[in-house]
Amino acid sequence: MKARKPVCPYCGKPFDPSPFHPKQSVCLSPGCQRRRQSEYHRGRIAADPGYRQQCADSRKSWRENHPDYQRQYRDTHETYADRNREQQRGRNQKRRLSLIVKNNLALNVKRLPAEVWMTGPGLDVIVKNNLAIPEVFILHTVGDFIPSP
Ligand SMILES: [Zn+2]
């Protein structure tokens, strides 16, 4: 009687393991092999600091050998570049707000019994990111204000 063929965990199909790798657990289809490799890579990056550093060095050296790649990619992929710019704007806003919060802790904050009205461009982002709780009000200025650390 023939031994049962192993089943690939990714595509669910039975396959013949290579005679050179009798413990092979994933079939040889390119999609399944790519998935196996990327899962191995991700797991090793999480577990092995030396490997993680080696991969970071490799990416750094590739970028140094291809200095125009990222600029050209952004020039030819407008949607990607727009989305990236929008996300960066959000990260910058968040960073600015955290600096303001840090810098305000040492200030003598006075209570204002007034309502606050804001006007100007970019209010949709500012309104969302202003913190208003009974004891503390943090009001972000309109424009590219970055407080010194
Ligand atoms: Zn497979």
Side-chain angles (χ1 to χ4, degrees), residues 1-107 116 118-149:
M1 199 175 136
K2 254 174 82 179
R4 283 182 74 169
K5 286 182 178 184
V7 175
C8 174
Y10 300 133
C11 65
K13 293 176 187 161
F15 65 95
D16 293 313
S18 156
F20 304 107
H21 302 282
K23 288 183 178 172
Q24 178 185 343
S25 61
V26 176
C27 79
L28 288 178
S29 86
C32 295
Q33 284 297 313
R34 204 174 309 116
R35 205 167 144 192
R36 179 190 63 76
Q37 284 173 331
S38 68
E39 281 182 13
Y40 168 80
H41 177 70
R42 219 172 293 135
R44 187 142 178 223
I45 276 190
D48 182 346
Y51 183 76
R52 184 170 43 240
Q53 186 58 49
Q54 193 182 333
C55 291
D57 292 347
S58 168
R59 284 193 303 271
K60 185 173 185 247
S61 123
W62 191 92
R63 281 194 308 270
E64 283 166 3
N65 291 328
H66 303 82
D68 292 334
Y69 176 81
Q70 283 178 314
R71 191 180 45 74
Q72 281 170 3
Y73 187 87
R74 284 191 298 267
D75 288 348
T76 55
H77 297 76
E78 209 172 293
T79 313
Y80 163 84
D82 287 345
R83 183 170 174 267
N84 204 30
R85 219 169 282 125
E86 190 60 41
Q87 288 177 329
Q88 187 58 53
R89 216 169 281 139
R91 286 191 296 270
N92 289 346
Q93 187 82 20
K94 204 171 159 189
R95 185 173 47 91
R96 268 185 233 127
L97 284 169
S98 73
L99 286 172
I100 289 170
V101 168
K102 261 189 238 157
N103 289 340
N104 276 338
L105 291 178
L107 296 178
V116 176
M118 294 191 295
T119 180
L123 270 181
D124 50 335
V125 176
I126 290 168
V127 168
K128 253 187 264 162
N129 288 319
N130 276 310
L131 177 67
I133 52 175
E135 284 82 23
V136 181
F137 289 86
I138 296 168
L139 301 173
H140 184 42
T141 56
V142 176
D144 284 340
F145 169 69
I146 300 176
S148 54

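In this text the structure is predicted, and so the values were computed from the model without any measurement. When a ligand or atom number is given, it counts from 1 through the structure's own listing order.
- Using a 4.5 Å heavy-atom threshold, the side chains of K13 and V7 count as separate.
- Screening K94, R89, Q88, R95 for a side-chain contact (heavy atoms from CB on, under 4.5 Å) with R91, the sole residue that qualifies is Q88.
- You'll find the side chain of F15 stays beyond 4.5 Å of the side chain of K5, heavy atoms only.
- Counting only protein N, O or S atoms, 4 lie closer than 2.8 Å to the Zn ion (ligand 1).
- Shown here is E78, whose CD atom has no more than 12 heavy atoms of other residues, nucleotides or ligands within 6.0 Å.
- Dense packing is recorded around CZ of R52, with more than 12 heavy atoms of other residues, nucleotides or ligands lying under 6.0 Å away.
- Y40 and R36 share no side-chain donor-acceptor pair at under 3.5 Å.
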